Amino acid sequence: MSHSSTLLHFLRHVSFPPDRHLLPSALKSCPARPLARALHAAAAVSGLAEDPFVASSLLHTYLRLGAPGDARSVFDRMPEKSVVGWSALIAGYSARGDAEAAWGLLEQMRSAGVEPNVITWNGLVSGLNQSGRALDAVTALARMHREGFLPDATGVSCALSAVGDVKELSVGEQVHGYVVKAGCRLDACVVTALIDMYGKCGRADEISRVFHESSHMDVTSCNALVAGLSRNAQVSEALLLFREFVSRGVELNVVSWTLIVACCVQNGKDLEAVDLFRKMQSEGIEPNAVTIPCVLPAFANVAALMHGRAAHCFSLRQGFIHDVYVGSALVDMYAKCGKVRDARTIFDAMPSKNVVSWNAMIGGYAMHGEAANAVHLFRLMQNLKQKPDLVTFTCVLGACGQAGLTEDGRRYFHEMQQRHGISPRMEHYACMVTVLGRAGKLDEAYDLINEMPFEPDGCIWGSLLGSCRVYGNVLLAEVAAEKLFELEPENAGNYVLLSNIYASKKMWDGVNRVRDEMKNMGLKKEKGCSWIEIKNKVHTLLAGDNSHPMMTAITEKLNQLAIEMSRLGFAPSTDFVLHDVEEQEKDNILAVHSEKLAVALGLISTSPGTPLRVIKNLRICGDCHEAMKFISCFEGREISVRDTNRFHHFKDGKCSCGDYW
DNA sequence: GTAGGGTTAG
């Protein structure tokens with residue numbers, strides 16, 4: 001409804017002539033400024049505009065509708081300016097972020113002989129907090145205290161919220177002091193606000209202390225707790241407390257459940273998140289347009305495509321599909337589940353896109369090694385005047401690295417700085433090391449590392465080490481590995497990689513030295529873990545773990561495949577895989593890598609020709625890579641494996657990565 | 001018939 005028709009509609013239902021008792025309630029429900037002005041005019045004509053109640057109502061209405069100028073002129077005409085009028089005006093200016101005007105009014109009211117009360121002060125603090133002037137809000141609270149007013153529950157709650165915004169722990173502790181002095185530490189709102197403040201200031205220990213002291217359990221304290229613990233990576237504590245709220249029958253809402261799901265997703269507990277998402281619905285809580293993009297990364301991480309599709313359908317039914325966050329998360333989920341075409345379909349249908357949407361799609365192409373599509377989209381986004389950001393360049397440079405587009409990579413790295421004024425960060429240098437390393441320009445990559453304006457991290461050296469393996473450069477590999485052993489002494493993968501490089505050159509001394517060092521450090525290679533979704537259920541397979549109920553059949557299938565492989569002369573082409581450190585350890589001789597277990601399970605559990613999608617937690621090894629090529633051909637299956645680095649699509653004996661990984 | 005409060009994910 002337009003303003004004028006609202007006005008007509010309203011006037012028809014208001015009896016006239018206006019009177020001093022009716023006008024305030026009419027103003028209270030007045031929805032828009034033109035109507036307020038009409039009522040104001042009507043009041044003025046009948047000489048009611050200066051009635052204290054009518055004037056006060058006009059003042060509040062104008063402030064509520066964001067017309068401080070009108071409010072001010074009403075105020076200026078008030079014959080008797082009470083503390084109520086002054087307080088309202090001060091709150092109004094603070095809420096618009098005009099701290100200076102608010103302070104000025106406070107002075108003026110005093111000069112006029114009217115003293116502020118607690119409500120005046122709280123209005124000031126609250127308004128400043130609402131308008132994002134957090135430091136001013138805290139200053140106001142401190143001044144209130146200095147001038148003899150002990151802040152009450154309302155004041156400290158607002159101030160604590162402000163402290164959270166600026167993350168000033170020492171100020172927060174000072175406000176906590178007022179809480180103790182004023183004796184409002186058991187007030188439910190104050191407890192929640194304290195939890196929120198300590199969470200935002202990084203003090204998980206204080207969150208728990210405040211909560212246990214009050215033992216107040218309602219939906220808001222639960223939400224503040226989970227949000228605060230999640231922010232500080234205390235996922236176990238968050239889960240523990242959340243379950244306690246549930247078991248005590250506290251009525252939680254969609255925000256509570258979304259928070260705990262998001263907490264699990266952000267702290268690496270994907271399967272837990274999937275489970276909680278299901279539980280939430282069985283408890284009768286409908287996911288909303290925020291829940292969906294929170295849970296989708298969990299589906300993506302464990303390749304739960306069916307769950308992801310269900311969330312997609314749900315979003316269509318509920319009308320969330322046009323939400324830019326939902327769309328971007330779906331693009332990301334489909335790409336990570338191996339369905340880059342489906343991702344593109346969603347992307348193209350999105351009615352509005354932001355930089356996150358573009359990054360998700362470009363990153364999806366990069367992950368699948370489809371550099372041409374990534375670059376094309378990157379150009380398109382610029383034609384459509386969407387500005388790229390840091391992440392965009394990580395995706396584009398990543399795509400160039402995956403596909404060996406060395407010159408393009410160089411150009412974009414340059415363009416990013418010159419044309420877009422974005423200084424490269426660590427991840428961009430890591431991408432460039434891969435771009436150069438992929439082309440065998442190892443010395444150039446090493447030079448780039450030495451010219452970097454900050455200390456290179458493990459990713460940078462890891463990228464160089466990876467390229468050294470491909471090109472068999474032992475000398476640079478040793479340099480990179482030395483740095484890695486310093487930076488990531490606990491990361492066994494670096495030792496394994498160096499050992500593999502020695503093995504590929506038949507440098508057995510080196511192999512033994514690295515293996516001994518690993519043993520001395522007490523390091524074990526991270527257990528390989530793969531996920532495969534079969535008929536709506538995600539199966540987790542661990543290397544060397546025989547606990548899967550189908551293990552006998554899996555082993556039988558793998559043996560059969562091994563026999564076929566050697567019969568058809570499909571032997572691993574590289575040396576190093578036979579001398580993997582892992583395989584030299586007696587315990588591990590029989591360990592089969594998890595992706596092979598997953599594929600074998602997929603082969604025996606699905607009908608012929610069904611594509612298989614596997615996700616694994618480490619990089620795929622050379623032996624498995626060869627085996628997958630063979631299986632795709634021998635069994636006539638499309639197999640996709642997403643490792644920590646990228647997607648490998650195996651079909652007809654070939655891999656989409658072109659044997660570069 | 002007139003002024004005041006906290007939690008929410010990408």
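Chain letters run A, B, ... following the sequence lines, proteins first and then strands; every chain starts at 1. Nothing here was measured: the structure is a model prediction, and the numbers come from that model. For the numbers below, each heavy atom of this structure counts, side chains included, while hydrogens, waters and symmetry mates do not.
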*Asks:* Return no unless some side-chain N or O of R231(A) is found under 4.0 Å from OP1 or OP2 of dT8(B).
*Replies:* yes
*Asks:* Checking F242(A) now: which residues fulfil ring-ring contact (aromatic ring centres under 6.0 Å, His included) with it, not counting sequence neighbours?
*Replies:* W257(A)
*Asks:* Would you classify S87(A) as touching base, sugar-phosphate or nothing, given that sugar-phosphate means primed atoms plus P, OP1 and OP2, and contacts are heavy atoms under 4.0 Å?
*Replies:* base
*Asks:* Would you kindly give the NZ-to-P distance between K81(A) and dT2(B), to the nearest whole Å?
*Replies:* 21 Å
*Asks:* Please list residues of residues 114-127 of chain A whose heavy atoms come under 4.0 Å from any atom in DNA chain B, ordered by number; otherwise none.
*Replies:* N117(A), I119(A), N122(A), S126(A)
*Asks:* List the atom pairs, with distances to 0.1 Å, where a side-chain N or O of residues 84-97 of chain A and a protein N or O form a donor-acceptor pair under 3.5 Å, not counting sequence neighbours.
*Replies:*
| from | atom 1 | to | atom 2 | distance (Å) |
| --- | --- | --- | --- | --- |
| S87(A) | OG | V83(A) | O | 2.6 |
| S87(A) | OG | T120(A) | OG1 | 2.8 |
| S94(A) | OG | I90(A) | O | 2.5 |

*Asks:* How about W358(A) and F378(A): are their ring centres within less than 6.0 Å of each other?
*Replies:* no
*Asks:* Tell me: CZ of F75(A) to C1' of dA3(B), nearest whole Å?
*Replies:* 12 Å
*Asks:* Between the base of dT2(B) and the side chain of S56(A), is there any donor-acceptor pair under 3.5 Å?
*Replies:* yes
*Asks:* Using atom CG of D51(A) as one end and atom P of dT2(B) as the other, report the distance to the nearest whole Å.
*Replies:* 12 Å
*Asks:* For the pair made of CG in L229(A) and P in dT7(B), what is the distance, rounded to whole Å?
*Replies:* 16 Å
*Asks:* What is the distance, rounded to the nearest whole Å, between atom CG of L106(A) and atom C1' of dA3(B)?
*Replies:* 14 Å
*Asks:* Whole angstroms only, please: what is the CZ-P distance between F242(A) and dT7(B)?
*Replies:* 19 Å
*Asks:* H312(A): which residues meet the ring-ring contact (aromatic ring centres under 6.0 Å, His included) condition with it, sequence neighbours left out?
*Replies:* Y334(A)
*Asks:* Assign D332(A) to base, sugar-phosphate, or nothing according to its heavy-atom contacts below 4.0 angstrom with the strands shown.
*Replies:* nothing
*Asks:* Is D19(A) side chain donor-acceptor paired with the dG1(B) base, going by distance under 3.5 Å alone?
*Replies:* no
*Asks:* Does a side-chain N or O from K200(A) land closer than 4.0 Å to OP1 or OP2 of dT8(B), or not?
*Replies:* yes
*Asks:* Whole angstroms only, please: what is the CG-P distance between N253(A) and dT7(B)?
*Replies:* 14 Å
*Asks:* In this structure, which one of L259(A), I260(A), T258(A) forms a side chain to side chain contact (heavy atoms under 4.5 Å, CB included) with N223(A)?
*Replies:* L259(A)
*Asks:* Specify the residues of residues 276-290 of chain A, ordered by number, for which at least one heavy atom lies under 4.0 angstrom from an atom of DNA chain B.
*Replies:* A289(A), V290(A)
*Asks:* Using the ring-ring contact (aromatic ring centres under 6.0 Å, His included) rule, collect all pairs that involve residues 260-306 of chain A, keeping only residues at least two apart or in two chains.
*Replies:* F277(A)-F299(A), F299(A)-H307(A)
*Asks:* Only distances under 3.5 Å count here; give the side-chain donor-acceptor pairs of residues 154-163 of chain A to other protein atoms, sequence neighbours excluded, each with its distance to 0.1 Å.
*Replies:*
| from | atom 1 | to | atom 2 | distance (Å) |
| --- | --- | --- | --- | --- |
| S157(A) | OG | A153(A) | O | 2.7 |
| S161(A) | OG | N129(A) | OD1 | 3.4 |
| S161(A) | OG | N129(A) | ND2 | 3.1 |

*Asks:* Identify, residue by residue, the members of residues 183-194 of chain A with a heavy atom below 4.0 Å from DNA chain B, and return them in order of residue number, or none.
*Replies:* D187(A), A188(A), C189(A), T192(A)
*Asks:* M381(A) vs M361(A), test: side chain to side chain contact (heavy atoms under 4.5 Å, CB included). Steps then yes/no.
*Replies:* CA-CA 11 Å; M381(A) 87 185 269; M361(A) 195 61 241; over 6 Å; no
*Asks:* Specify the separation, in whole Å, of atom CE of M109(A) and atom P of dA3(B).
*Replies:* 15 Å
*Asks:* Run the side-chain donor-acceptor check on residues 314-321 of chain A: report pairs under 3.5 Å with partners two or more places apart or on a different chain.
*Replies:*
| from | atom 1 | to | atom 2 | distance (Å) |
| --- | --- | --- | --- | --- |
| S315(A) | OG | A311(A) | O | 2.8 |

*Asks:* Name the closest nucleotide to the D152(A) side chain, picking from dA9(B), dG4(B), dT8(B).
*Replies:* dG4(B)
*Asks:* Using the ring-ring contact (aromatic ring centres under 6.0 Å, His included) criterion, which residues pair with F211(A)? Sequence neighbours excluded.
*Replies:* F245(A)
*Asks:* Once rounded to the nearest 0.5 Å, what's the spacing between atom CG of L63(A) and atom CZ of R72(A)?
*Replies:* 11.0 Å
*Asks:* Residues two or more places apart in sequence or in another chain: which of them pass ring-ring contact (aromatic ring centres under 6.0 Å, His included) with H60(A)?
*Replies:* none
*Asks:* Identify whether any heavy atom of V356(A) sits under 4.0 Å from a base atom; if not, whether one sits that close to sugar-phosphate; answer base, sugar-phosphate or nothing.
*Replies:* nothing
*Asks:* If you only use heavy atoms from C-beta on, which nucleotide in dT8(B), dT2(B), dG6(B) is closest to the side chain of D196(A)?
*Replies:* dT8(B)
*Asks:* Just checking D323(A): base, sugar-phosphate only, or nothing, at a heavy-atom cut-off of under 4.0 Å?
*Replies:* base
*Asks:* Report the residues that fulfil side-chain contact (heavy atoms from CB on, under 4.5 Å) with K181(A), sequence neighbours left out, ordered by chain and then residue number.
*Replies:* H145(A), L150(A)
*Asks:* Whether S161(A) contacts dT7(B) is assessed here as follows: a side-chain N or O lying under 4.0 Å from the phosphate OP1 or OP2. Is that the case?
*Replies:* yes
